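Bear in mind that the values here come from a model prediction, so they are computed numbers and not experimental data. For reference, positions follow the sequence shown, starting with 1. All heavy atoms count here, side chains included; hydrogens, waters and symmetry mates do not.
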Amino acid sequence: MDFDKTRSATDAHRGGVWLVGCGPGDPELLTLKALRVIRRADVVLHDRLVDPEIIALASPSAQVIDAGKRCGRHTLNQSAINELLVEHAHAGRHVVRLKGGDPFIFGRGGEELDACRAADVACRVVPGVTAALGCAAATGIPLTQRGTASAVTFITAHGRHGELPDQYWPAIAGPGRTLVCYMGLRQWPRLRRQLLAAGIPPALPVAVIRAGSRADETVERCRLSDLGPCPIDDRPALLVIGEVAAQAPAVGLTELAKAREPLPAGATC
Ligand code: SAH
């Protein structure tokens with residue numbers, strides 16, 4: 001594995017870090033490059049959203065570390081992860097950091113890359129299918145469509161301190177646009193209030209996709225004004241807000257509108 005072709009021959013013994021996107025769940029969405037990199041790993045450090053089948057692609061001799069990241073409940077915090085990456089690479093190992101979706105879409109891949117650069121560790125990135133694309137494909141919602149949606153925006157509802165980050169909503173939501181919200185369920189009531197206050201039409205369709213591309217995938221459709229607090233379960237969930245969301249299968253159309261119970265204590269994302 002050539003980490004950095006600019007390194008001199010005397011550096012050849014040095015290890016490095018690969019940040020590898022593993023897609024939204026279905027292991028078959030892994031790229032061939034990711035597969036090659038995983039097979040040659042000395043150390044594999046994975047997060048919670050990575051399918052066990054993907055981790056099992058590593059050599060039996062590879063050391064596997066579960067970073068077990070869970071929104072709000074990290075078993076290894078980000079600086080501990082950064083330190084591990086650097087430490088193993090400095091020891092001359094090929095370290096493969098497996099991340100759900102794409103490393104650079106709400107995946108903190110940029111922070112890990114910065115940590116490697118700061119420690120003079122070679123670091124390369126393998127892109128993955130981000131949840132928005134995986135969920136769109138799995139549920140048959142085209143994120144753009146001629147005449148219906150000419151722009152798509154990905155946002156997170158989970159800012160640095162868990163808050164809903166500020167956006168100028170009329171520019172990114174409404175007719176003709178698709179808004180995809182990661183980590184959106186916990187902040188949904190606030191997000192919905194802000195969208196309605198910004199003049200986004202109450203009848204705009206919303207799809208809630210849980211575990212997109214996985215065997216336990218579900219998709220529910222609603223209207224912006226009807227969708228109350230969403231029950232949170234263990235699965236990752238994505239909100240697609242825009243006219244294209246009406247193209248999701250009409251499963252559970254009314255269930256979410258009825259679900260008005262308070263969020264479970266300690267629920268995250
Ligand atoms: N880097 C990842 C995103 C990590 S943030 C990517 O590119 O996809 C984690 C959030 O992604 C989850 O809380 C959820 O909002 C979304 N997500 C990841 N996988 C998902 C899936 N299979 N179905 C629905 N949402 C998913």
**Pair Leu29-Ser213, side-chain contact (heavy atoms from CB on, under 4.5 Å): steps then yes or no** = CA-CA 9 Å; Leu29 294 176; Ser213 87; 4.2 Å; yes
**Message:** Just so I know, are the side chains of Ser150 and Thr144 near enough to count as touching, which here means a heavy-atom distance under 4.5 Å?
**Reply:** no
**Asked** Out of curiosity, His94 NE2 to Trp18 CH2, how far, rounded to the nearest 0.5 Å?
**Response** 9.5 Å
**Message:** Please find the pair of heavy atoms, one from His46 and one from Arg97, that lie closest to each other, and give the distance.
**Reply:** C-NH1, 3.6 Å
**Prompt:** Between Asp216 and Arg235, is a side-chain contact (heavy atoms from CB on, under 4.5 Å) present by the stated rule, with each step listed?
**Reply:** CA-CA 8 Å; Asp216 53 344; Arg235 294 171 297 170; 3.4 Å; yes
**Request:** List the atom of Gly184, the atom of Ala157, and the distance in Å for their closest heavy-atom pair.
**Result:** CA-CB, 3.7 Å
**Request:** Decide yes or no on side-chain hydrogen bond (donor to acceptor under 3.5 Å, both in side chains) for Gln145 and Gln247, but give the supporting numbers first.
**Result:** CA-CA 11 Å; Gln145 192 164 35; Gln247 298 187 31; 2.5 Å; yes
**Message:** For a 4.5 angstrom cut-off between non-hydrogen side-chain atoms, does Leu113 reach Phe104?
**Reply:** yes
**Complete:** Only residue of Ile54, Val126, Leu57 satisfying side-chain contact (heavy atoms from CB on, under 4.5 Å) with Leu35 is Leu57
**Prompt:** Hey, are the side chains of His90 and Val121 touching, using non-hydrogen atoms and a 4.5 Å cut-off?
**Reply:** yes
**Message:** With heavy-atom distances below 4.5 Å as the criterion, would you say the side chains of Tyr182 and Thr130 are in contact?
**Reply:** yes
**Prompt:** So which heavy atom on Pro201 is nearest to which on Leu224, and how close?
**Reply:** O-CD2, 3.6 Å
**Prompt:** Are side-chain heavy atoms of Val206 and Val240 found at a separation under 4.5 Å?
**Reply:** no
**Prompt:** How would you list, by chain and number, every residue that makes a salt bridge (Lys or Arg N to Asp or Glu O under 4.0 Å) with Glu111, sequence neighbours excluded?
**Reply:** Arg108
**Item:** Within 6.0 Å of CG in Asp166, more than 12 heavy atoms from elsewhere
**Value:** no
**Message:** Using every non-hydrogen atom in the two residues, find where Glu243 and Pro175 come nearest and quote the distance to one decimal.
**Reply:** OE1-CA, 3.8 Å
**Asked** Should Leu49 and Pro236 count as side-chain neighbours, where that means a heavy-atom distance under 4.5 Å?
**Response** yes
**Asked** side-chain contact (heavy atoms from CB on, under 4.5 Å) with Ile241: which of Ile200, Thr178, Leu179, Thr153?
**Response** Leu179
**Item:** Gln63 vs Asp42, side-chain contact (heavy atoms from CB on, under 4.5 Å): CA-CA, chis, key distance, verdict
**Value:** CA-CA 6 Å; Gln63 180 184 352; Asp42 299 315; over 6 Å; no
**Message:** Between Glu217 and Arg210, does any NZ, NE, NH1 or NH2 come within less than 4.0 Å of an OD or OE carboxylate oxygen?
**Reply:** no
**Message:** With side-chain contact (heavy atoms from CB on, under 4.5 Å) as the criterion, how do Phe154 and Leu238 come out once you've worked through the C-alpha distance, each side chain's angles and the decisive distance to 0.1 Å?
**Reply:** CA-CA 10 Å; Phe154 299 165; Leu238 202 74; over 6 Å; no
**Request:** Identify the heavy atoms of Arg192 and Asp226 that sit nearest to each other, and give their distance.
**Result:** NH1-C, 4.3 Å
**Non-hydrogen side-chain atoms of His88 and Ile65 separated by less than 4.5 Å** = yes
**Complete:** Closest heavy-atom pair, Cys116 versus Cys123, reported as atoms and distance to 0.1 Å, is CB-CB, 3.7 Å
**Request:** For the pair Gln78 and Glu112, evaluate side-chain hydrogen bond (donor to acceptor under 3.5 Å, both in side chains) and give the outcome as yes or no after the intermediate values.
**Result:** CA-CA 8 Å; Gln78 189 62 51; Glu112 293 173 10; 2.8 Å; yes
**Prompt:** Of Ile172, Leu239, Leu143, which meets side-chain contact (heavy atoms from CB on, under 4.5 Å) against Val180?
**Reply:** Leu143
